[in-house]
There are 2 protein chains.
Amino acid sequence: MRDDDIATAMRALGHPVRLNILRILATQQQSPCCCSDVTVSLPLAQSTVSQHIKVLLDAGLIERKSRGTRNCYTIRHDRLAELGAAYTGLLAGLTGGPVKELEMDPV
Amino acid sequence: MRDDDIATAMRALGHPVRLNILRILATQQQSPCCCSDVTVSLPLAQSTVSQHIKVLLDAGLIERKSRGTRNCYTIRHDRLAELGAAYTGLLAGLTGGPVKELEMDPV
DNA sequence: TTCTTTAATCGGTACATTACGATAAAAGAA
DNA sequence: TTCTTTTATCGTAATGTACCGATTAAAGAA
């Protein structure tokens, strides 16, 4: 996972509403969960929720499946696990100490 | 760890430059590492680096120690580990399914 | 004291994010 | 066909972020 991808995913998780959206998607895992299902659980406008969903989508943390007239979203556990592994790797590099080969991604 | 704190920490890690700053701090763990030490390793102005450091500081991911005329920064591994635990807890809640009862530790 | 070093902060610019209501497009029902 | 539902997107305003150069304040050296 490149630094840019880690940063993008971290930023996607860097808003309380989006953490809650993930939790809402998780609770309705049996039945397909669409944007309106998420919206009724949050004190936000539909357009705002849709925007937050897009951030999670662009970060690759959730997946969209068109089902009839609605779009259903599911959590991408594989990507969340990947991010966890990347974070663990980051920590390992930081605790390592003396010499750590750091390759700077082009900023 | 509250959602707001998780989000703040995630956002602090949500920029490639700040990931590199953590790595730079880690490589110079023996000798105290100050702002100028970080700046020479990055293609950014001192004021910009200072700003990024402040974000990490406000998120509680690094610590400042005034040493003479310079401010030395060290990684707060405890807080990084806390964030990792919070992330693990988040994942557990998401994979759980219907209703997730979080935290059950009798203190 | 004055001079230098270090780093936070200020002022400014450009762009991104978050929120909203309103609109448009797509799919199913009538 | 028309009507409804659903949701992405548009337009907009307020706020936040990222970067810079310039300035200020603090500490040490001369």
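Numbered from 1 within each chain, the chains take letters A, B, ... in sequence-line order.
- At whole-Å resolution of the value, NZ in B:Lys65 and C1' in C:dT6 are 18 Å apart.
- Between the side chain of A:Arg79 and the backbone N or O of A:Ala59 there is at least one donor-acceptor pair closer than 3.5 Å.
- The nearest whole Å value for the distance from the CG atom in A:Leu44 to the C1' atom in D:dT7 is 16 Å.
- Looking at A:Val17, A:Leu19, A:Leu13 one by one, the single match for side-chain contact (heavy atoms from CB on, under 4.5 Å) with A:His15 turns out to be A:Val17.
- The nearest pair of heavy atoms linking B:Ile6 to B:Ala86 is CD1-CB, 3.8 Å.
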Can you pull every protein N or O that's under 3.5 Å from an N or O on nucleotides 24-26 of chain C?
none

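- Nearest approach of B:Thr95 to A:His77, heavy atoms of both residues: CG2-ND1, 3.5 Å.
- Using a 4.5 Å cut-off between side-chain heavy atoms of Ile, Leu, Val, Met, Phe, Trp and Tyr, with links allowed through other members, A:Tyr87 and B:Val55 fall into different hydrophobic clusters.
- A:Cys33 contributes atom SG, which lies 9.5 Å from atom CD1 of A:Ile21 (distance to the nearest 0.5 angstrom).
- The residue B:Arg67 sits apart from the nucleic acid: no heavy atom pair falls under 4.0 Å.
- The stretch residues 46-53 of chain A touches DNA chain C through A:Ser47, A:Thr48, A:Gln51, A:His52, each having a heavy atom within less than 4.0 Å of the strand.
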A:Arg18 vs B:Asp3, salt bridge (Lys or Arg N to Asp or Glu O under 4.0 Å): CA-CA, chis, key distance, verdict: CA-CA 10 Å; A:Arg18 289 195 285 269; B:Asp3 264 16; over 6 Å; no
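- Straight-line distance from the CG atom of B:Asn71 to the P atom of C:dT6: 12 Å, rounded to whole Å.
- Taking only side-chain atoms of B:Lys54, from C-beta outward, the nucleotide of C:dT9, C:dT17, C:dT6 with the closest atom is C:dT9.
- For A:Gly14 and A:Gly68, each mapped to the nucleotide of DNA chain C holding its nearest heavy atom, the one lying further toward the 5' end belongs to A:Gly14.
- B:Ile21 has its CD1 atom 13 Å from the C1' atom of D:dC19, to the nearest Å.
- When distances run from any side-chain atom of A:Cys35 to the nucleotides D:dC20, D:dA8, C:dA19, the shortest one goes to D:dA8.
- Of the candidates C:dA7, C:dA19, D:dC20, C:dA19 carries the atom nearest the A:His15 side chain, counting heavy atoms from C-beta on.
- Take B:Arg76 and apply the salt bridge (charged side-chain N to carboxylate O under 4.0 Å, His left out) test, not counting sequence neighbours, and it matches B:Asp78.
- With contacts defined as side-chain heavy-atom distances shorter than 4.5 Å, the pair A:Asn71/A:Lys65 does not qualify.
- Across the interface with DNA chain D, nearest-nucleotide mapping of A:Tyr73 and A:Arg11 shows A:Tyr73 to be the residue nearer the 5′ end.
- With rounding to whole Å, B:Leu42 atom CG is found 15 Å from D:dC20 atom C1'.
- Distances shorter than 4.0 Å separate some side-chain N or O of A:Arg64 from OP1 or OP2 on D:dA8.
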